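The structure displayed is predicted, hence computed values, not measured ones. Both counts, for ligands and for their atoms, begin at 1 and track the order of listing.
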Amino acid sequence: MLQLAVYKPETQPDWCPGCGDFSVLAGLQQALASLDIDPEQVLVVSGIGCSSNLPGFINTYGMHTLHGRSSAVAGGAWFANHEMPVVCTGGDGDGYGIGIGHFIHAMRRNANLTYIVMNNGIYGLTTGQVSPASPLGMVTKTTPKGNIEQPINPIALALAAGATYVARGASSDTKGLAGLIAGGIAHKGFALVDVFSPCVTFNKLQTYEWLRKSIYKLEDAQHDSSNIARAYEKALEWGDKIPTGLFYRIEKPTFSDGDAVLKSGGPLAKRSVTLTNDQKEALLAEFR
Ligand code: SF4
């Protein structure tokens with residue numbers, strides 16, 4: 001197992017003290033170490049938001065892309081080198097709001113990505129506006145009389161859209177989170193790890209105290225993660241008790257298994273881009 005220090009850059013996170021994202025960063029570093037993945041073998045791609053600053057705080061290849069576009073950019077990187085582990089990181093506003101179209105299509109393709117969503121139920125970077133995951137009735141800067149929209153259910157959405165590894169973790173349990181992330185990276189196919197990651201500055205409802213009272217582990221409830229009907233039932237549980245852990249996992253062909261070019265000849269990034277003289281002549285002939 002690699003030492004955690006190899007994933008720690010000189011740059012320190014600038015998140016608010018107590019932000020749940022610290023635990024997610026530690027969980028990702030622990031997961032990579034447990035899988036013996038060298039820093040130069042993995043790419044971490046993010047969108048925009050507090051949590052999307054994460055690639056700057058981990059010593060791997062990284063890209064800080066456009067708002068909501070992390071899964072699209074990560075998918076492109078994976079097409080170019082489908083043997084490389086690619087991890088997406090971001091928040092609920094980024095992934096479940098502006099980026100939801102890309103998110104759904106990446107799951108539908110079963111692209112081999114691990115998408116970690118630091119779900120804090122609010123837009124933190126822009127100082128506290130309602131997000132697609134904000135609870136009903138929540139007072140925010142943009143909902144002064146309380147949120148009147150139903151929050152998104154990312155677990156049920158991922159099951160419906162074709163994700164083949166669907167999990168929910170919590171920042172209050174870094175060890176459990178590291179295990180879920182490692183499972184997602186080791187899984188061949190699209191893995192969603194939705195994480196309750198408290199925004200201690202702007203979300204005063206979904207706090208560490210709320211987590212302590214509300215969540216329980218599916219592994220303690222004899223949940224069958226190979227059964228999608230049971231996974232849907234658990235995905236709809238929300239209230240006094242909320243499940244965390246692995247909801248669903250199944251082996252299915254990924255996009256690269258079905259694509260004629262990708263499945264033969266290895267990653268595109270490692271192939272020669274030189275044309276033979278005959279190929280050049282054939283290409284030029286098309287334009288003559
Ligand atoms: Fe974390 Fe919220 Fe602070 Fe952003 S504003 S760093 S999400 S606690």
Side-chain angles (χ1 to χ4, degrees), residues 7-31 44-59 62-71 87-100 103 115-144 146-147 149 151-152 154 168-174 176-178 180-181 192-215 242 244:
Y7 306 104
K8 294 186 177 170
E10 289 179 10
T11 316
Q12 296 299 314
D14 57 358
W15 295 313
C16 306
C19 176
D21 299 351
F22 284 100
S23 173
V24 179
L25 175 62
L28 176 56
Q29 290 167 334
Q30 289 174 22
V44 181
V45 181
S46 71
I48 297 293
C50 292
S51 49
S52 287
N53 290 332
L54 190 145
F57 309 138
I58 188 166
N59 187 33
M63 287 182 76
H64 194 174
T65 68
L66 301 176
H67 203 2
R69 271 52 180 180
S70 62
S71 54
V87 176
C88 286
T89 62
D92 46 300
D94 186 68
Y96 302 154
I98 191 168
I100 196 165
F103 173 55
Y115 194 3
I116 304 167
V117 179
M118 285 158 264
N119 186 344
N120 56 23
I122 195 119
Y123 279 93
L125 187 69
T126 48
T127 71
Q129 294 79 20
V130 71
S131 93
S134 297
L136 210 57
M138 185 179 185
V139 173
T140 72
K141 281 186 179 167
T142 46
T143 55
N147 178 25
E149 295 181 316
I152 200 160
R168 178 192 282 139
S171 290
S172 51
D173 174 19
T174 307
L177 184 53
L180 292 173
I181 295 172
L192 171 69
V193 183
D194 180 78
V195 186
F196 286 133
S197 182
C199 172
V200 294
T201 304
F202 295 110
N203 187 335
K204 302 301 182 187
L205 294 180
Q206 293 171 322
T207 60
Y208 286 104
E209 180 61 13
W210 172 77
L211 278 182
R212 193 184 62 72
K213 285 186 188 156
S214 308
I215 60 173
I242 302 173
T244 59

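Take a cut-off of 2.8 Å around atom 2 (Fe) of ligand 1: the protein N, O or S atoms inside it are Cys199 SG.
No option in Asp21, Asp194, Val193 other than Asp21 meets the side-chain contact (heavy atoms from CB on, under 4.5 Å) test with Met118. Residue Ile116 is tested with Leu25, Val24, Leu192, Leu177 for a side-chain contact (heavy atoms from CB on, under 4.5 Å); the sole match is Val24.
Taken from CD1 in Ile242 to NZ in Lys213, the straight-line distance is 12.5 Å, to the nearest 0.5 Å.
Note: Phe196 and Trp210 have perpendicular aromatic rings, judged against thresholds of 30 and 60 degrees for the angle between ring planes.
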Atom pairs and distances, side-chain donor-acceptor, residues 8-20, under 3.5 Å, sequence neighbours left out:
residue: Trp15; atom: NE1; partner: Cys50; partner atom: O; Å: 2.8

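Atom NZ of Lys204 has more than 12 neighbouring heavy atoms from other residues, nucleotides or ligands inside a 6.0 Å radius.
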